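Throughout, protein chains are lettered first and strands after them, A, B, ... in sequence-line order, and every chain is numbered starting at 1. No hydrogens, no waters, no symmetry mates; every other heavy atom, side chains included, goes into these values. Keep in mind the model is a prediction, meaning the values are calculated, not measured.
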Amino acid sequence: MILHRVRDGLPLMNLVSLRAVPILQQLHLEERLLRSSSDNWCIINDGTNRPNIVMGISGRPSELIDLKSVLRDRVPVIRRFSGGGTVIVDDGTIFVTFICNKDAIPGLQPYPHPLMSWTGQLYKDVLHGFGDFHLQENEIFLYYMYASLTVLDTYFTDYAIGSRKFGGNAQSITKNRWVHHTSFLWDYDIKNMEYLKIPSRAPKYRSARPHVEFLCRMTEYVPSRSTFIERTIASLGNHFSVKPIHQDRVIDPSNTLHSSSKLLTRQELEEAYSSLCEKLHIAAISV
Amino acid sequence: MAARLLWASRVASYLRISTFPRGFASVVKDLKYADTHEWVKVDGTSATVGITDHAQDHLGDVVYVELPEVGTNVTQGKNFGAVESVKATSDINSPVSGEVVEVNTELNSSPGLVNASAYDDGWIIKVKMSDAGELDSLMDSDRYAKFCEEEDAKH
């Protein structure tokens with residue numbers, strides 16, 4: 001039996017506040033804490049140092065990104081350890097990650113739907129009063145060539161204001177712990193969205209809109225980045241006894257133990273591009 | 001109509017999505033079960049491993065299965081692979097220790113088999129067991145069914 005640390009009747013949660021840490025380093029930290037710590041953690045990274053594309057564990061570059069422009073502009077592409085879709089992140093992105101023991105929240109089952117419901121409610125509290133925030137119900141459709149649709153699954157996952165998404169999340173669940181991490185679009189560069197394709201598995205509410213019509217910026221609704229971050233920490237305080245930890249105690253770039261998130265090599269991207277061109281019977285342009 | 005359904009099924013497999021309806025959570029007699037919701041079917045020193053109907057039902061549509069390589073050693077209670085569903089990766093833990101002698105490569109093109117046929121076509125790995133005594137620590141079908149009821153009642 002593992003005894004978890006408690007203060008004032010609430011389980012302890014270590015809070016690590018970062019600024020502009022590279023996203024790959026953040027992912028390595030998350031995996032290491034997930035697999036080798038028995039504490040609860042919240043990691044907040046206020047922006048990342050440069051634009052990166054981040055795919056989920058099963059992401060296929062040829063389906064998700066515009067390989068020609070990504071190769072041309074040398075945009076880093078990462079495959080992360082959690083599930084879910086593809087995002088492009090930069091210094092306008094605010095990352096919030098929860099790493100918890102499975103019994104940290106009373107009555108919460110460590111499965112995808114319950115976790116997303118709990119975190120969704122937490123952010124609803126955080127953003128109360130700033131725009132029409134809601135958890136967007138997704139009916140994931142398979143679009144057939146003949147315009148016939150089949151509903152595959154329905155779940156609440158994206159964070160939206162109106163019909164525009166400003167935050168996406170993903171999870172990883174182990175025997176006794178779980179990670180829920182979110183990338184929030186505080187602001188973004190429209191040009192960067194062109195590196196991403198519209199995914200073939202798309203939520204109904206997307207309605208085939210291109211990225212720029214599907215997304216919105218939090219900066220248009222929330223007074224400042226620090227307001228959002230402080231309110232997130234305050235909301236966490238309803239469930240945990242939050243204790244700030246200095247990043248020097250946890251950041252260790254040389255420690256890649258348990259790190260399955262990886263940067264795709266240029267060779268891998270070039271091979272994906274060549275295969276795609278072959279399949280489409282078009283000439284691969286040297287980039 | 002049949003041709004359209006066949007085409008749709010192939011597209012679903014290519015996109016690694018499941019269109020099969022989920023059944024009610026069930027258990028199968030003569031299998032052994034871990035408290036992390038994996039099942040094992042024993043045949044001599046060979047063990048076939050998968051995740052249970054309870055697990056697949058709670059996880060949602062499986063869109064990807066991360067399989068170990070043949071020859072990998074697995075340890076009872078430790079993770080050896082993962083499934084992706086609903087934007088989450090979930091560890092699969094081995095109910096027995098030993099060497100992986102076969103993996104279900106069908107899951108690469110049809111991960112939905114884990115949902116549609118959790119105890120049969122959705123098997124994940126076959127293991128040459130190193131210690132059959134470990135089976136004594138697993139649950140039988142009746143005990144596992146009760147375990148699932150108790151777990152769901154707590155939440």
B:E106 atom CD, over 12 foreign heavy atoms within 6.0 Å: no
Separation between CD of B:E84 and CD of A:Q171, rounded to the nearest 0.5 Å: 11.0 Å
Other residues, nucleotides, ligands: >12 heavy atoms within 6.0 Å of B:D43 CG: no
Separation between NE2 of A:H113 and NZ of B:K87, rounded to the nearest 0.5 Å: 11.0 Å
Interatomic spacing from OG1 in A:T174 to CG in B:N93 - rounded to 0.5 Å: 8.0 Å
Greatest number of heavy atom pairs closer than 4.5 Å to chain A - which of B:S90, B:G77, B:A55: B:S90
Atom group of B:T36 that falls short of 4.5 Å from chain A, counting heavy atoms: side chain
Passing candidate, side-chain contact (heavy atoms from CB on, under 4.5 Å) with A:I57, options B:V83, B:V63, B:T89: B:T89
Note: B:D91-A:R35 ion pair, threshold 4.0 Å (strictly below): yes
Among the listed options A:G84, A:P114, A:G85, the residue most often paired with chain B at heavy-atom distances under 4.5 Å: A:G84
Trace of the side chain to side chain contact (heavy atoms under 4.5 Å, CB included) decision for A:Q109 with B:H58: CA-CA 9 Å; A:Q109 277 202 327; B:H58 280 64; 3.4 Å; yes
Residues, nucleotides or ligands: over 12 heavy atoms within 6.0 Å of A:E268 CD: yes
Parallel, tilted or perpendicular: rings of A:Y111 and B:H54 (30°, 60°): perpendicular
Gap separating the OG atom of A:S260 from the CD atom of B:E66, nearest 0.5 angstrom: 7.0 Å
